[in-house]
Each structure stands twice: as structure tokens, then as C-alpha cells.
Amino acid sequence: RNKSSLDLNKVLELARSDACNPCIVQRIFPIINHDLSVSICHLFCKPVVAGNFLELPYDKIIEKRHTFEYCKKCQQYGLHRLEVEILKKHYPNEGI
């Protein structure tokens, strides 16, 4: 197997098994777009948590982020843990 190839099914399986852990992308927040809106995370431009980061206090933006339905769905499938380098560290014997 080529070292640069990636077994996507294995990576998704490991991400799902890691689903009980916090969202990786929440560490990089808020993501402020060119139009001053706040993206849900650095992986997606839409949906937005706030239309203008200057009009909403930071703690409210964080609160909205933590209760956003889109995030809950992502976390339900373990996609919030889909970071290959972190999965490699957590599962060094899996050969990913």
C-alpha cells in the first residue's frame, strides 16, 4: 500500500469511535468571514452562527456555537473528530 494512500473507511470508523470526545474544530473559533459573519467552524463557510461578529457579544457567539443543530448532527456521526493527524496519534497501531 502506498504510504500516501488513506483508507477512508478506516479513518471514518476511528472518528466514529472517538465521537465521545470534544469537537476538534471548536479550538479554532470564531471563524470570521470577509462579510463579518461567523462560520460554524473552519471547515464550513455556511451555516453561520452570527451575521456580524461586532453585533453579538463573544459569550453569545460561543453559546450559539455550542447549541447549533448542525454541530450536533456532525457530532452524531463522529465527523467532528475527523482529523487524520490526531487520529494517527490516538490510534498509532491502526496503520492510517
Side-chain angles (χ1 to χ4, degrees):
R1 188 174 104 166
N2 183 340
K3 283 192 172 225
S4 65
S5 68
L6 185 65
D7 183 346
L8 184 57
N9 288 327
K10 185 64 169 176
V11 171
L12 289 170
E13 174 190 328
L14 293 173
R16 281 190 297 272
S17 70
D18 226 23
C20 61
N21 291 309
C23 179
I24 293 171
V25 298
Q26 285 181 354
R27 297 176 300 173
I28 307 168
F29 189 80
I31 305 299
I32 302 166
N33 299 313
H34 70 281
D35 63 356
L36 302 182
S37 65
V38 179
S39 291
I40 193 66
C41 69
H42 76 280
L43 298 175
F44 303 101
C45 294
K46 302 283 182 189
V48 295
V49 177
N52 184 331
F53 85 102
L54 295 173
E55 295 176 353
L56 198 62
Y58 180 74
D59 60 331
K60 293 293 182 192
I61 291 174
I62 296 296
E63 180 182 319
K64 288 182 79 165
R65 167 68 173 89
H66 288 300
T67 59
F68 211 71
E69 286 299 317
Y70 195 86
C71 293
K72 290 177 185 177
K73 190 168 190 173
C74 179
Q75 292 174 14
Q76 175 184 349
Y77 294 104
L79 298 176
H80 65 292
R81 299 298 296 178
L82 190 57
E83 175 61 52
V84 174
E85 293 307 315
I86 291 175
L87 289 171
K88 283 180 181 179
K89 288 178 184 176
H90 285 179
Y91 302 100
N93 298 324
E94 294 296 330
I96 57 171

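- Using a cutoff of 4.0 Å between basic side-chain nitrogens and carboxylate oxygens, Glu13 and Lys10 are scored as salt-bridged.
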Practice task
Carefully, step by step, assess His66 and Cys71 under the rule side-chain contact (heavy atoms from CB on, under 4.5 Å).
Solution key: CA-CA 8 Å; His66 288 300; Cys71 293; over 6 Å; no

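- Within the 4.5 Å cutoff, the side chain of Lys64 has no heavy atoms near those of the Val38 side chain.
- The shortest distance between side-chain heavy atoms of Pro30 and Tyr58 falls below 4.5 Å.
- Between Phe68 and Val49 the shortest heavy-atom distance is CE1-CA, 4.4 Å.
- Residues Leu87 and Leu12 share a hydrophobic cluster, clusters being chains of Ile/Leu/Val/Met/Phe/Trp/Tyr side chains in contact below 4.5 Å.
- Asn33 places no side-chain N or O within 3.5 Å of a backbone atom of Asp35 that could act as its donor or acceptor partner.
- Distance CD/Glu55 to NZ/Lys60: 15.5 Å, rounded to 0.5 Å.
- Side-chain contact between Ile96 and Asp7 is absent, with no heavy-atom pair separated by less than 4.5 Å.
- Taking 4.5 Å as the limit, every side-chain heavy atom of Ile31 sits out of range of all side-chain heavy atoms of Ile40.
- Contact annotation: the side chain of Arg81 never approaches that of Ser17 to less than 4.5 Å [non-hydrogen atoms, C-beta and beyond].
- Counting only residues at least two apart or on different chains, no ring pair (Phe, Tyr, Trp, His ring centres under 6.0 Å) pair has a member in residues 73-96.
- Val48 and Ile62 fall into different hydrophobic clusters, defined by Ile, Leu, Val, Met, Phe, Trp and Tyr side-chain heavy atoms under 4.5 Å apart, directly or through other members.
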